[in-house]
Amino acid sequence: MNCTYSYPESYTVKTSFWTKSLPPAAGVEPPDLLNDTEYRDRVQYLRDKSCRLSLRDVRENDQSNYYFRFITDKEGGKYTGADGVYLSVAGLQVEVPERVREGEKVTLTCKTTCRLTDRTSFTWYKNGTTFSSSTEQLYLQSVSREDAGRYSCAVLDQNLHSPEVSLNVRYPPKSVSVSISPSGEIVEGSSVTLTCSSDGNPPVEYTWYKGSSSVATGKTFKLNKISSVNSGEYKCRSSNKHGEKYSDTVTLNVLYPPKSVSVSISPSGEIVEGSSVTLTCSSDGNPPVQKYTWFKKVDKDVQQKLTGQIYSITNIKSADSGEYQCMATNTQGSQSSEYKSLTVLYPPKSVSVSISPSGKIVEGSSVTLTCSSDGNPPVQKYTWFKGSSLVAKGENFTLNKISSVNSGEYKCKCINEHGVKYSDTVTLNVLYPPKSVSVSISPSGEIVEGSSVNLTCSSDGNPPVQNYTWFKEGGGSSPVGSGNSYTAVESGSYYCVAQNKYGSQTAAAVLVTLGGVQSSVVFTAVGVSAVCLLVVGVIFFVRRKRRGSSPDGADPRQASQLKHFIIPQYYYSL
């Protein structure tokens, strides 16, 4: 809008501007277009010796009266163009549908209040760039999101442009993807953020899934202090009113040391000696466990065994019983399992017999034989044998007031459900004083005068008799010989005494009669009176002897001496 103005030379213009309003009566200055938000970016003053106004991007509501005003340094020196300039806007306007959905057909129409001929050509612009069309209507077939933008039209050769209008194409979510931050390895205990990105109009809403389960909503999904349970496949769903779309799944791979380490034994149930057993170590770790180490504990002693996830024992033995533990290791750490008991069942073994009290066993004492064995399950039945004869049952076999008949070889038999085993034999050696002491004569029968007789003393004792002593009745307390044999050269009654460290026993006396004059007695008449007197004397002596001692205390050997020695003495003196 061109403008010129003049003023007296003595005046100086302090300011000049364009406005759409006349000054009000109250004297308030009208607004400068440069300060009006509707015009600030579209108005330019051209002050090259004129007062021209440049207005770009003219709109329909720009139709109005415009006034130029200048203010001088003189009081009352304010002036405004009386009529101003009237701007009539016959604008172009692009009509677009209010709601456009992807895939629909869309028509944009360039409308104007100007009178145009039928031959008028139009030019279309998209985002300020010429768009190919020469008619007042722009046809978009199967509109897509790429067609969205700012459209305007113009009349060819008239430099008349319409304002820009936006074509807003609505479409369901597209290009849905998930990113993980931080990238790289994710270690248990750290924090991880998953972000879902997508393109959709109107703006989309996000839902997060782990597998098929919904776990969160929102564009981002943050996991603080992530753990192994957070490992898995994640995806997000992007949705608006026009549709929905899922992202591809992403795997959240959380690294952590071994967990849930345990030992399993196969076959389960009873394990019998001689069979094969497999121990398997199971664990959960990421990355997978690279090393397994086995340990065996017996009592308080822990031994390191083989390495490997599987520990196999073929031809298992009782010594393999114990508690087993495995340790699993990966790059993130190690963890050990609880101890698992391996119990091997086997028949009795290491069967032995102990004797209590130990040492020498003397007749009359009490002795206990105890059978010990190793078996699993423990031995249920004990049986005792003396030689081949069954004599008792039970783990212990007690002999009260033991005697010589209990001497011999003993063993025990142990039985459980997996077998039988005998102990080695043990000898029960009962010590006792001599018994059954007797004397035998050789030769037997008639013995000729001048010959000799061999007497042998026999006995039973433990330990065997070490000392034999011979006595002749009537010979006093002095022994006549020693050793288990004795040669008698005189007639008479002989006996032996057998002795070991635990006692002694005396044998019954035997009569030795040698042949010749001892076989008969001849009396003369002269000696009859003497014989009678002798008989009377003997009778008197015997009666007096009986009155002087108890009948119960009479010594049979003394009687024997009288019987065998008094008469012969008389015979020899006669």
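- Across Val289 and Thr329, no two heavy atoms sit closer than the pair CG1-O, 3.3 Å.
- By the neighbour-count criterion of 12 heavy atoms within 6.0 Å, atom CD of Gln290 is densely surrounded, having more than that number from other residues, nucleotides or ligands.
- Proximity of Lys360 to Tyr502: side-chain heavy atoms (C-beta onward) are separated by under 4.5 Å at one or more points.
- Distance check, rounded to the nearest 0.5 Å: NZ of Lys235 to OG1 of Thr251 gives 12.0 Å.
- The distance from the CG atom of Asn376 to the CG atom of Leu345 is 5.0 Å, given to the nearest 0.5 Å.
- For the atom pair Tyr410 OH and Lys386 NZ, the distance stands at 4.0 Å (nearest 0.5 Å).
- A distance-only check finds a donor-acceptor pair linking the side chain of Gln505 to the backbone of Ser436 [under 3.5 Å].
- Across every non-hydrogen atom of Ser452 and Pro443, the tightest pair is O-CD, 4.2 Å.
- The number of heavy-atom neighbours closer than 6.0 Å to NZ of Lys393, taken from other residues, nucleotides and ligands shown, is 12 or below.
- Contact record, Thr293 with Gln304: CG2-NE2, 3.6 Å, taken as the closest heavy-atom pair.
- Expressed to the nearest 0.5 Å, how far CD1 of Ile310 lies from SG of Cys326 amounts to 11.5 Å.
- Donor-acceptor pairing under 3.5 Å is lacking for the side chains of Asn454 and Ser442.
- Using a 4.5 Å heavy-atom threshold, the side chains of Ile180 and Val250 count as touching.
- Ring geometry, Trp470 versus Tyr486: the interplanar angle falls under 30°, so the pair is classed parallel (tilted spans 30 to 60°).
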_Let's go through Lys222 and Thr220 carefully: what are the C-alpha distance in whole Å and the side-chain angles of both, what is the deciding distance for side chain to side chain contact (heavy atoms under 4.5 Å, CB included) to 0.1 Å, and is it a yes or a no?_
CA-CA 6 Å; Lys222 188 170 184 179; Thr220 60; 6.0 Å; no

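- Between Val437 and Cys496, some side-chain heavy-atom pair lies under the 4.5 Å cut-off.
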Would you be so kind as to tabulate the donor-acceptor pairs closer than 3.5 Å made by side chains of residues 365-373, with sequence neighbours excluded?
from	atom 1	to	atom 2	distance (Å)
Ser365	OG	Val362	O	2.7
Ser366	OG	Asn400	OD1	3.3
Thr368	OG1	Thr398	OG1	3.1
Thr370	OG1	Asn396	OD1	2.9

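- Val229 has its side chain out of reach of Val254: every pair of non-hydrogen atoms, C-beta onward, lies at least 4.5 Å apart.
- A 4.5 Å side-chain heavy-atom check between Glu273 and Pro347 finds at least one atom pair inside the cut-off.
- Between the side chain of Lys210 and the main chain of Ser231, a donor-acceptor pair closer than 3.5 Å is present.
- In the displayed structure, Glu205 atom CD is contacted under 6.0 Å by at most 12 heavy atoms of other residues, nucleotides or ligands.
- With hydrogens and angles disregarded, a donor-acceptor distance shorter than 3.5 Å links the side chain of Asn500 to the backbone of Pro463.
- A donor-acceptor pair shorter than 3.5 Å cannot be found between the side chains of Arg237 and Tyr206.
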_side chain to side chain contact (heavy atoms under 4.5 Å, CB included) for Ile271 and Leu342? Distances and angles first, verdict last._
CA-CA 8 Å; Ile271 300 171; Leu342 179 64; 3.3 Å; yes

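- Using a 4.5 Å heavy-atom cutoff, the side chains of Glu490 and Lys472 are in contact.
- Under a cut-off of 6.0 angstrom, the local environment of CD in Gln303 is crowded, with over 12 non-hydrogen atoms contributed by other residues, nucleotides or ligands.
- Side-chain contact between Leu431 and Ile361: absent, with no pair of heavy atoms (C-beta onward) separated by less than 4.5 Å.
- Taking every heavy atom of both residues into account, Gly243 and Pro173 meet most closely at O-CD, 3.4 Å.
- A donor-acceptor pair shorter than 3.5 Å cannot be found between the side chains of Asn330 and Tyr256.
- At least one cation-pi condition fails for Lys340 and Tyr324: the charged atom is not both under 6.0 angstrom from the six-membered ring centre and inside a 45 degree cone around its axis.
- Atom OH in Tyr382 sits 7.5 Å away from atom SG in Cys412 (nearest 0.5 Å).
- With a 6.0 Å cutoff to the six-membered ring centre and a 45° limit on the axis angle, Lys317 does not count as a cation-pi contact of Tyr346.
- Counting heavy atoms from C-beta outward, Val497 and Ser504 have side chains that approach closer than 4.5 Å.
- For the atom pair Trp208 CH2 and Cys236 SG, the distance stands at 4.5 Å (nearest 0.5 Å).
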_Test log, rule side chain to side chain contact (heavy atoms under 4.5 Å, CB included), inputs Glu473 and Tyr494_ = CA-CA 6 Å; Glu473 290 184 341; Tyr494 292 86; over 6 Å; no

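- By the 30° and 60° cut-offs, the orientation of the rings of Phe471 relative to Tyr495 is parallel.
- Ion pairing between Lys435 and Glu363 holds under the 4.0 Å rule for side-chain N and carboxylate O.
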*Evaluate the side chain to side chain contact (heavy atoms under 4.5 Å, CB included) criterion for residues Ile226 and Asn224: first the C-alpha distance (whole Å), next the side-chain angles of each, then the deciding distance (0.1 Å), finally the verdict.*
CA-CA 5 Å; Ile226 198 166; Asn224 294 313; over 6 Å; no

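- In this structure a side-chain-to-backbone donor-acceptor pair under 3.5 Å is missing from Trp294 to Gln325.
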